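Structure, as structure tokens:
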Amino acid sequence: MVMNESNVTRVFVLDYGKGFNIEEFFPFFSEERMRKIENCRHSDMRVQLAAAEITVCAAMKSIGRDYAPPRYNYAACGMPCMEGGYISITHTHGIAACAVSHQRVGIDVERIRPVNHLLAARILCDEELAEFRKLIELRKPIAPDKEEKLCGSMDADDYILQAWTAKESVLKLTGAGLGGGMKSFLYDKNRNYIRANANGVQYPVDMLKLVVSECRRGNEVLDSRNALLAVCTETQTELKVFMTDSPSECFEGNMIPMTMSRFDM
């Protein structure tokens, strides 16, 4: 892997909430990404897939790899992979990101938003559920088969979103995907690690809060200006994050590192 810093994980974030013409970048995309875009019928998801590929181009260029189109593949489990290094990709409405590292890495991004607290029963382990119960006043017991939304505070929403984002990042690192079972991990946000309950293995997780643009999802305006970004690695690494709201700047790799003052957790 061509990278000057051997213990660095680089993350490239594109805040594309203002929209862009995805077709002008098509000539520079990998065949696999173009197949995904062409087979996708949902316009918003097509844009997400295009934005994600642009961050991959930026990441590849940063480590001296071919980036137009970028050279990487997908394993049978659906996990992106590249020769001589590791890559992880994430996208949601208005935001896309890619991480590259010398070691296994997983990344996830989520817009901060109100969530249905019933999700807690599906993703939190017993220890986390105990902590979660301290944050909310329950109308009904937490149970996957209940449809009523539980009342609570924004702290409870944040707790679920942080757990979700951290756990999705570690499941991407392991290659298990969402089917790997979020309840099988414990996220300790105070000590910045996530632990596999089965064998006690711990993975460092950097949880960052980003300020992003408004964006549209169909006719709906997503006015949340904050997003969570989780980066999980096998061992502790130095994290360098680059962010822009210009697809062209991202594609060309003309991005400056973010300072830690931009992260507000």
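Not measured: the values here are computed from a predicted model.
Checked against salt bridge (Lys or Arg N to Asp or Glu O under 4.0 Å), Lys189 has no partners two or more places apart in sequence or in another chain. When the salt bridge (Lys or Arg N to Asp or Glu O under 4.0 Å) test is applied to Glu38, no partner is found at least two apart in sequence or on another chain. For Glu252, the salt bridge (Lys or Arg N to Asp or Glu O under 4.0 Å) test picks out Lys61, with sequence neighbours left out. Every salt bridge (Lys or Arg N to Asp or Glu O under 4.0 Å) that Glu32 has, sequence neighbours left out, goes to Arg35. Qualifying ring-ring contact (aromatic ring centres under 6.0 Å, His included) partners for Phe251, counting only residues two or more places apart in sequence or in other chains: Phe25, Phe28, Tyr67. With sequence neighbours left out, Tyr193 forms a ring-ring contact (aromatic ring centres under 6.0 Å, His included) with no residue at all.
A salt bridge links Lys167 and Glu128; the closest N-O separation between the charged side-chain nitrogens and carboxylate oxygens is under 4.0 Å. Salt-bridge check for Asp245 with Lys18: passed, with a basic side-chain N closer than 4.0 Å to an acidic carboxylate O.
Taken from OG in Ser246 to CD1 in Ile54, the straight-line distance is 9.0 Å, to the nearest 0.5 Å. Atom CD1 of residue Ile107 and atom CG of residue Asp206 lie 10.5 Å apart, to the nearest 0.5 angstrom. The line from CD1 of Ile63 to OG of Ser101 is 9.5 Å long, rounded to the nearest 0.5 Å. Going from atom CG of Asp157 over to atom CD of Gln162 covers 11.5 Å, rounded to the nearest 0.5 Å. Separating the CG atom in Asn73 from the CD atom in Glu83 is a distance of 9.5 Å, to the nearest 0.5 Å. The CG atom of Asn116 sits 8.0 Å away from the CD1 atom of Ile160 when rounded to the nearest 0.5 Å.
The aromatic rings of Tyr159 and Phe132 sit tilted, their planes meeting at an angle between 30° and 60°.
Contact check for Lys183 versus Arg122: no side-chain heavy atoms found under the 4.5 Å cut-off. Within the 4.5 Å cutoff, no side-chain heavy atoms of Val241 are placed close to those of Pro257. Looking only at side-chain heavy atoms (C-beta outward), Val109 and Leu228 stay at 4.5 Å or farther from each other. Proximity of Pro204 to Asn192: side-chain heavy atoms (C-beta onward) are nowhere separated by under 4.5 Å. Side chains of Phe242 and Met258 form no contact here, defined as non-hydrogen atoms less than 4.5 Å apart. Contact of the Phe12 side chain with the Val56 side chain is not registered, since no non-hydrogen atoms from C-beta on lie closer than 4.5 Å. Counting heavy atoms from C-beta on, the side chains of Val231 and Leu239 come closer than 4.5 Å. Side chains of Asp44 and His93 form a contact here, defined as non-hydrogen atoms less than 4.5 Å apart.
If you chain together hydrophobic residues whose side chains sit under 4.5 Å apart, Tyr203 and Trp164 fall into the same group. Under the 4.5 Å side-chain heavy-atom criterion for Ile, Leu, Val, Met, Phe, Trp and Tyr, Leu161 and Val170 are members of the same hydrophobic cluster. Hydrophobic clustering of Ile, Leu, Val, Met, Phe, Trp and Tyr side chains at less than 4.5 Å, counting indirect connections, unites Val201 with Phe185.
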Tell me, with the steps shown, if Met79 and Tyr74 meet side chain to side chain contact (heavy atoms under 4.5 Å, CB included). CA-CA 5 Å; Met79 178 181 178; Tyr74 283 89; over 6 Å; no

Exercise for review: Any chance you could lay out the side chain to side chain contact (heavy atoms under 4.5 Å, CB included) test for Val11 and Met243, step after step, and finish with the verdict?
Suggested key: CA-CA 8 Å; Val11 178; Met243 184 171 174; over 6 Å; no

(request) Go through Arg65 and Tyr72 one step at a time and tell me if the side chain to side chain contact (heavy atoms under 4.5 Å, CB included) criterion holds. (result) CA-CA 10 Å; Arg65 296 292 186 89; Tyr72 67 102; over 6 Å; no

Item to complete: Evaluate the criterion side chain to side chain contact (heavy atoms under 4.5 Å, CB included) for residue pair Arg195 and Asp188; output intermediate values, then yes/no.
Response: CA-CA 8 Å; Arg195 185 187 73 216; Asp188 188 328; over 6 Å; no

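The backbone N or O of Glu234 sits less than 3.5 Å from a side-chain atom of Gln103, completing a donor-acceptor pair. Distance alone, capped at 3.5 Å, is enough to place a donor-acceptor pair between the Arg113 side chain and the Arg111 backbone. Between the side chain of Glu53 and the backbone N or O of Ser30, at least one donor-acceptor pair lies under 3.5 Å. No donor-acceptor distance shorter than 3.5 angstrom exists from the side chain of Arg10 to the backbone of Ala99, with no hydrogens or angles considered.
If you check the side chains of Thr9 and Thr233, you find no donor sitting under 3.5 Å from an acceptor. Between Thr165 and Glu110, the side chains place no donor N or O within less than 3.5 Å of an acceptor N or O (distance only, hydrogens not considered). The closest side-chain donor-acceptor pair between Asp15 and Ser213 falls under 3.5 angstrom.
The two residues Cys57 and Pro70 make their nearest non-hydrogen contact at SG-CD, 3.8 Å. Closest heavy-atom contact between Cys40 and Arg46: O-CD, 3.4 Å. Across every non-hydrogen atom of Lys36 and Leu49, the tightest pair is O-CD1, 3.8 Å. Heavy atoms only, all atoms of each residue included: Ala97 and Leu229 are closest at CB-CD1, 4.3 Å. Nearest heavy atoms, Ser88 versus Val105: CB-O, 3.5 Å. Smallest separation of non-hydrogen atoms from Ser169 and Cys232: OG-CB, 3.3 Å.
Environment of CG in Asp126: sparse, with no more than 12 heavy atoms of neighbouring residues, nucleotides or ligands closer than 6.0 Å.
Among Thr92, Ile112, Val13, Ile95, the one residue that satisfies the side chain to side chain contact (heavy atoms under 4.5 Å, CB included) test with Val212 is Ile95.
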